[in-house]
A.B. asks: 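Before I ask anything, here is the structure I am working with.
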Protein chains: 2
Amino acid sequence: MSGRAATKDLVLDAAEALFSAKGVDGVSLRTLTKEAGVNLAAVHYHFGSKEEVVKAVFARRIRPMNRERLAMLDALEDRGRPEVEEIVTALVAPALRLAGDSPARQRFMRLCARLYSEPAEYLQQLYMEEFSQVIDRFERVFRSALPSLSRAEVRRRMHFVVGLLVHTMLNSAPVRRWTSGACDPADAESTLAAIVSFAAAGMRAPVPDTPDCVRGGVT
Amino acid sequence: MSGRAATKDLVLDAAEALFSAKGVDGVSLRTLTKEAGVNLAAVHYHFGSKEEVVKAVFARRIRPMNRERLAMLDALEDRGRPEVEEIVTALVAPALRLAGDSPARQRFMRLCARLYSEPAEYLQQLYMEEFSQVIDRFERVFRSALPSLSRAEVRRRMHFVVGLLVHTMLNSAPVRRWTSGACDPADAESTLAAIVSFAAAGMRAPVPDTPDCVRGGVT
DNA sequence: GTACGATTCAGACAGACGTTTGAATCACTC
DNA sequence: GAGTGATTCAAACGTCTGTCTGAATCGTAC
């Protein structure tokens with residue numbers, strides 16, 4: 001504990017960079033340890049398996065992010081009943097600008113976003129563990145700001161917000177190409193403002209006539 | 001050409017099912033050919049490489065979907081100036097309900113959505129090839145329905161719509177868990193109505209004060 | 001019924017994968 | 001400075017990967 005935990009962090013840093021660029025399945029432990037400058041066997045000495053490395057990589061960044069989300073929500077509720085825009089900001093901003101400098105931020109964004117799309121079972125499970133509390137909390141706050149929406153509809157729309165956030169974080173390259181460089185998602189402030197405006201309007205949208213959530217489960 | 005192309009289709013069918021469940025990297029050619037009931041070497045005889053199989057799997061579904069999108073747009077414009085809701089529907093509906101029966105539809109949705117999140121270079125390239133025309137067309141129609149938005153802002157918001165659509169298609173399991181089965185994304189009509197309402201409101205949202213797209217490129 | 005192009009097949013190829021080993025090296029206590 | 005537990009190291013394990021080969025089989029035209 002007191003000694004240098006350098007090796008562990010070297011592995012995590014390299015894993016974060018490589019996973020965010022090529023996906024978990026696209027990076028071998030040999031590539032990873034060579035990039036990190038550590039021995040191949042160090043991975044199994046410190047983590048036990050590749051799966052544990054992956055879980056550690058995600059947990060290291062996602063936990064602080066979700067802590068910040070909840071903290072922003074706390075601060076909002078201390079000041080009274082939050083606006084929809086404020087709640088959306090608390091959900092989006094920690095994801096967009098947790099990391100400091102620009103290349104590192106971009107790496108981190110892609111890493112987080114990738115968690116949603118990685119198909120591996122244990123990552124889906126990790127996702128549920130890390131996010132269920134945050135989801136529950138945001139659902140309550142959103143519901144008090146949008147009392148006309150059913151609980152299920154609030155969750156569905158939250159899912160939409162998360163979806164557009166994730167997609168923005170993950171696919172910054174196509175966006176930059178589409179907009180010919182005019183809209184750089186790496187510009188966190190501009191992106192944040194655009195998402196908040198769009199998402200708040202979506203959250204406030206009228207409930208469609210179609211009975212939105214009345215069906216039973218379908219296999 | 002006239003002979004039975006059964007083997008090719010067997011491979012594509014099995015690939016679609018397996019890729020959509022485990023991702024491209026998570027499926028080996030041995031698993032794939034065993035599932036398809038064909039010989040391992042048949043893949044290289046008919047396709048040449050795994051990469052070509054992957055491209056064929058995506059192209060087979062995405063091309064008809066995008067054709068339907070453009071056809072819906074044509075039909076809308078023949079009847080006059082389309083509403084935002086109608087344009088969103090033309091973008092979303094073909095993705096949600098192209099396939100017929102329910103399990104096949106779910107497989108197809110996950111497959112399409114996965115194209116956005118697969119990190120492999122050649123898939124990003126395929127994505128650009130298949131979608132750039134659709135993007136351009138929708139941008140023009142959206143702009144005429146939302147004249148107050150800049151070209152870059154329209155593209156950005158279209159990206160948000162695609163993002164929430166993709167996320168909805170890809171992560172149907174978590175949504176079902178969150179909403180305790182009340183909102184099943186497999187219910188295409190309900191999902192479509194919810195997305196259209198949310199996305200149309202987002203597209204119409206006021207442009208935030210922050211100068212949205214004025215910066216030059218950032219490395 | 002035989003000849004021929006198209007297709008299928010079992011088997012093997014080299015390389016990459018995650019994992020494990022056992023000895024070598026390190027940091028530190030007494 | 002001998003001893004000890006933590007850490008690093010090169011090397012190898014068996015398995016799986018995508019790809020390729022050459023012979024066997026098929027459908028069909030003559």
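Order of the sequence lines fixes the chain letters, A, B, ..., with proteins taken first and strands second; residue numbering starts at 1 for each chain.
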A.B. asks: Can a side chain N or O of B:His46 be found less than 4.0 Å away from OP1 or OP2 on C:dT8?
C.D. replies: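 Checking C:dT8 against B:His46, a side-chain N or O does come within under 4.0 Å of OP1 or OP2.
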
A.B. asks: Tell me: OH of B:Tyr45 to P of D:dA24, nearest whole Å?
C.D. replies: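 That distance rounds to 18 Å.
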
A.B. asks: Are any of A:Thr7's side-chain N or O atoms less than 4.0 Å away from OP1 or OP2 of D:dT7?
C.D. replies: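 Looking at the OP1 and OP2 atoms of D:dT7, neither is under 4.0 Å from any side-chain N or O of A:Thr7.
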
A.B. asks: I'd like to know whether CD of A:Gln133 has more than 12 heavy-atom contacts from other residues, nucleotides or ligands below 6.0 angstrom.
C.D. replies: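 At most 12 heavy atoms, drawn from other residues, nucleotides or ligands, come within 6.0 Å of this atom.
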
A.B. asks: Whether B:Glu77 and B:Arg137 form a salt bridge (side-chain N of Lys/Arg under 4.0 Å from carboxylate O of Asp/Glu) is what I want to check.
C.D. replies: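 So B:Arg137 pairs with B:Glu77 through a salt bridge.
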
A.B. asks: For B:Val24, does its backbone N or O pair with a side-chain atom of B:Lys50 as donor and acceptor, under 3.5 Å?
C.D. replies: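 Looks like yes, one N/O pair under 3.5 Å.
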
A.B. asks: Would you call B:Arg60 and B:Asp13 a salt bridge, taking side-chain N to carboxylate O under 4.0 Å as the test?
C.D. replies: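 Looking at B:Asp13 together with B:Arg60, the answer is yes, because their closest N to O distance falls below 4.0 Å.
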
A.B. asks: Does a side-chain N-to-carboxylate-O contact under 4.0 Å join B:Glu139 and B:Arg143?
C.D. replies: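 Salt bridge between B:Glu139 and B:Arg143, a charged N being under 4.0 Å from a carboxylate O: no.
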
A.B. asks: When you check every protein heavy atom under 4.0 Å of nucleotides 12-23 of chain C, what one-letter string (B, S, -) results, 5' to 3'?
C.D. replies: B----BBBBB--

